[in-house]
Colleague: 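Let me give you the structure first, and then I'll get to my questions.
One is the number of the first residue; the rest follow in order along the sequence. Just so you know, ligand 1 is whichever comes first in the structure, and atom 1 is the first atom listed for that ligand. Worth saying up front: this structure is predicted, and the values here are computed from it rather than measured.
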Amino acid sequence: MKSNDSVSKYPGQTRLALRNIDEIDPHKIGDYIDRDGYLALGKALKMSPDDIIKTIDDSGLRGRGGAGFPTGKKWSFVRAAQGDTKYVICNADEGDPGAFMDRAILEGDPHSVLEAMTIAGFAVGATKGFIYVRAEYPLAVSNLEIAIKQSHGKGFLGKNILGSKFDFDIELRLGAGAFVCGEETALIASIEGRRGEPTPKPPFPANSGLYKKPTLINNVETLTVIPMIILRGATYFNTIGTATSKGTKVFALAGNIKNGGLVEVPMGTSLKTLVYDIGGGAPSVFVGPNKVEMKRAVKAVQIGGPSGGCIPASMFDTGLDYESVKKLGAILGSGGLVVMDEKTCMVDIAKFFIKFSVDESCGKCVPCRIGNRKLLGILEKITSGKGAESDIDELVNLGKTIISTSLCGLGQSSPNPVLSTIANYRDEYLAHCGIKRAEGSGVQGVTPWCPAGVCFKKKAKYCINEKCISCGRCAPICPVNAIHKEGEK
Ligand SMILES: Cc1cc2nc3c(=O)[nH]c(=O)nc-3n(C[C@H](O)[C@H](O)[C@H](O)COP(=O)(O)O)c2cc1C
């Protein structure tokens, strides 16, 4: 499989999870084997389960699905859990807007996921695995089906794998596009044929998961590096990254960025490197009949999807690791990075993500079902020019309440885009409410105003005619940047 994006060839990458992407034909198991595929499985089957888990633990690998939970620890919980029947689940439900890391791995290197799940099954004592993959990824589904068949043919799946007396098999389950089904307890309900709604934790899936049996759930990117860690050892992985965030992370660069696509860098790489050195910054726009180039500056990145937050360009020295990003009110999440230029309205962005959470809330718990709807209502009021400063305070109070009272991770993180944009762009919220911070101290009243020129478009109509007084208000909302001062290009 060849990816067409330009950043995938960026030389400063450390490609562990993406090591085989573009290098192998995912339909040919021989290609995977030629690149050391299934060697780790052979090695693991000769190790003790405890030694496998220790190797994963020593590597410092943390879950790439969003929460960053230590993978070795999770495996040890499932291994220690009582029960004859245990399961391994690969979470391939990838639903964050702008994220496509797991998709690339499933489509381009499906055997690495199968090999990792089989090693995991041997380590925790499971003989059955499921890949819960979203139905919107038809190529991933068909490549996985082909890979499972080929793996059976070579004796890497099925009975008595490589003569070890260990049996393991993998089946696919298709998700129907509900974001909440990526949450592990909702995902389990969905596989069982129940409505995809979360359940309170504890019990955790490690003790009572699929069909109430001990279950290991890991993300695609978490799994795909397992064979490499087993083969090359923990040190190979834990010498990359920062003190607490080891290895690499795949990021999906999307939005207002010149070079969009997937890129894999060591944990701790700065946003500056990612956005400017790799991504090339914001693309120019070309306006007017002469296609005059207008350069645009990057304003912020939205990281972590609907659970994440916006980080302003002034903070781009931040290294991308779990702890540093959390300090800024966002989360590393699964790796979606949406870049926004100066023409992006941060209130509008917050509204977009809350609308997403309203649409995707399963409705089971009140704070998420009603609270997010209320947040959206306030944001709609503000972006239509009818808001007041007290509405901003209400967004903060309500957001904090939703976080502390929701049942699952969806509600517990959905207000983050609102809270982080208020923390970093309060002046933009104030402008929408008709309040402008005066030069010295205090505030003064003005007409509600969208500094990026995104909101109020439908309401305001500006005409340049003989009555024009050059107030300049039409300039930021002109969709093609056609308004310039006299003499300006
Ligand atoms: C609303 C919601 C959606 C989620 N979606 C995904 C997803 O698409 N893929 C994923 O791997 N984890 C997702 N997670 C996290 C999972 O619940 C779980 O933590 C993860 O699969 C564990 O794997 P890891 O330890 O390898 O990260 C989601 C969590 C929440 C709250």
Colleague: Might you list the protein residues in contact with ligand 1, defined as having a heavy atom under 4.0 Å from one of its atoms, sorted by chain and number?
Modeller: G63, R64, G65, K74, N91, D93, E94, G95, F179, G182, E183, E184, I217, N218, N219, T222, G409, L410
Colleague: Less than 6.0 angstrom from the centroid, inside 45 degrees of the normal: does K128 satisfy that with respect to the ring of F130?
Modeller: yes
Colleague: Picking from V454, N424, T421, what satisfies side-chain contact (heavy atoms from CB on, under 4.5 Å) with M346?
Modeller: T421
Colleague: Can you name the side chain to side chain donor-acceptor pair (under 3.5 Å) partners of D93, sequence neighbours left out?
Modeller: none
Colleague: Between K154 and E115, does any side-chain N to carboxylate O distance fall below 4.0 Å?
Modeller: no
Colleague: Between Y137 and R134, is there a cation-pi geometry (under 6.0 Å to ring centre, at most 45° from the normal)?
Modeller: yes
Colleague: Identify which one of C368, C362, P198 satisfies the side-chain contact (heavy atoms from CB on, under 4.5 Å) criterion when paired with L407.
Modeller: P198
